[in-house]
Number of protein chains: 2
Amino acid sequence: MPASRKPAPVGAEHAPLELEHFLPYRLSILSNTVSQAIADDYQRRYDLSVTEWRVMAVLARFHGLSAREVAERTAMDKVAVSRALARLVEAGRVHRDTHGNDKRRSVLSLTEAGWLIHDDVAPMARAREREVLAKLDAEERDWLTRILDKLQPVQKP
Amino acid sequence: MPASRKPAPVGAEHAPLELEHFLPYRLSILSNTVSQAIADDYQRRYDLSVTEWRVMAVLARFHGLSAREVAERTAMDKVAVSRALARLVEAGRVHRDTHGNDKRRSVLSLTEAGWLIHDDVAPMARAREREVLAKLDAEERDWLTRILDKLQPVQKP
DNA sequence: CCGTTATAGTTACATATGAAACTAATTGCA
DNA sequence: TGCAATTAGTTTCATATGTAACTATAACGG
């Protein structure tokens, strides 16, 4: 009985999970596949991790954030952000200042080098997203947006 | 300017990514949130990782799989499966035999203890999935299934 | 047969990640 | 004031994960 294994007899009454129809499992596979496809584009080229890229993306959009604010915006924990920032600053991609009134807080911004990378990677990321969404028609894309909005309310600052 | 940072001026012409509307990012957050909610249920109780649980789930459904077949069914790589199996066998939750005709291959099955855990965890996992899906109405659930099917064709053995 | 190649699974190493402890600075309030 | 409680950020440590190398067995082709 080589290739195809048969499911367990139903009589056994164990009600096993059908992983391939189980939402959390499907989301996990899909998310990893999509994120990896995009990351492949820039990881080799810039030696940039996904977390580092996310930090750069929010710093491109919001100027002068602190590390904690970056953590909120990226939904990453502060340790991950701290490490990503350490690498980005070291690589000269992010500039770190200290807040005038509160010496605990950092004031972060992309450097010129950081902007160059951003301006190369952002269009690639958008193009990959379009490739994925191209598998859906317009109606399905609308539903997907609506469904994601209901499953995970977007944090509006 | 304390709480709310303002976006960068559009004139700067850098077209930053809006992470909160970027599909890969949203999928990643949603997937992690959902998986973690479920994992919390059983990780403490049984000291069981997500990968271990997935291995158990496919072994509940398909009897006598080899490690490689488990890897295919779970979309995990063979190293991850090997490690999960090592722990599961050590913990007495999975029984490992050797294939009669091919001494390289293992023949895997849940032990009695494994079944007990499975029969406790599987309903919990399903209940959590229902909680998530309860945020959607019937029509949205149908669309979600259709959309997932189009984005990631299900492997049929 | 016997050597090459392929397959199943494990081990080793390097890196990533998360929780908790820690440092430094600020805030709250008696 | 001054001291306890918060907050920002980093470091430490234990664990997880992926890639590549490795072992053992089996399949293939002359």
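Sequence lines set the chain letters: A, B, ... in the order given, protein chains first and strands last, and positions in each chain run from 1.
As rounded to whole Å, 14 Å separates atom P of dA8(D) from atom CG of Leu85(A). Between the P atom of dG9(D) and the CG atom of Asp102(A) lies a distance of 8 Å, rounded to the nearest Å. Distance CD (Gln43(A)) to C1' (dG18(D)): 12 Å, rounded to an integer number of Å. Atom CZ of Arg104(B) is separated from atom C1' of dA27(D) by 8 Å (rounded to the nearest Å). Counting to the nearest Å, the C1' atom of dT7(D) and the CG atom of Asn101(A) are 16 Å from each other. A straight line from CD of Glu69(A) to P of dG9(D) spans 8 Å, rounded to a whole angstrom. The interatomic distance linking Arg87(A) (CZ) with dG9(D) (P) rounds to 20 Å, in whole Å. dA21(D) atom C1' lies 10 Å from atom NZ of Lys78(B), rounded to whole Å.
Below 30°, between 30° and 60°, or above 60°: for Trp53(B) and Tyr42(B) the angle between ring planes is between 30° and 60°, a tilted geometry. In this pair, His118(B) and His14(A) present their aromatic rings perpendicular. The plane angle is above 60°, beyond the 30 to 60° band.
Of all non-hydrogen atoms in Gln43(B) and Val50(B), the two that sit nearest each other are NE2-N, 3.8 Å.
Judged by atom type and distance alone, Arg96(A) does not reach the base of dG9(D) through any side-chain donor-acceptor pair under 3.5 Å.
Taking the nucleotide of DNA chain C with the nearest heavy atom to each of Gly100(A) and Arg83(A), the more 5' of the two is matched to Arg83(A). For the pair Ser106(A) and Ser49(B), nearest-nucleotide mapping onto DNA chain D gives the more 5' position to Ser106(A).
Look at Ser82(A) and you'll find a side-chain N or O under 4.0 angstrom from OP1 or OP2 of dT10(D). Not one side-chain nitrogen or oxygen of Arg105(A) sits closer than 4.0 Å to the OP1 or OP2 atom of dA8(D).
Of the options Leu110(A), Leu108(A), Thr51(A), Val94(A), a side-chain contact (heavy atoms from CB on, under 4.5 Å) to Leu88(A) is made by Val94(A) and by none of the others.
For the pair Tyr25(B)/Val34(A), no side-chain contact is recorded, criterion being any heavy-atom separation below 4.5 Å from C-beta on. Residues Glu18(A) and Arg61(B) meet the side-chain proximity criterion, which asks for heavy atoms closer than 4.5 Å.
For DNA chain C, the outermost nucleotides in 5' to 3' order that have an atom under 4.0 Å from a heavy atom of chain A are dT17(C) to dT26(C).
Under the salt bridge (charged side-chain N to carboxylate O under 4.0 Å, His left out) criterion, the residue pairs touching residues 115-126 of chain A are Arg45(A)-Asp120(A), with sequence neighbours excluded.
Across all strands shown, Lys103(A) has heavy atoms under 4.0 Å from sugar-phosphate atoms exclusively, and none from any base.
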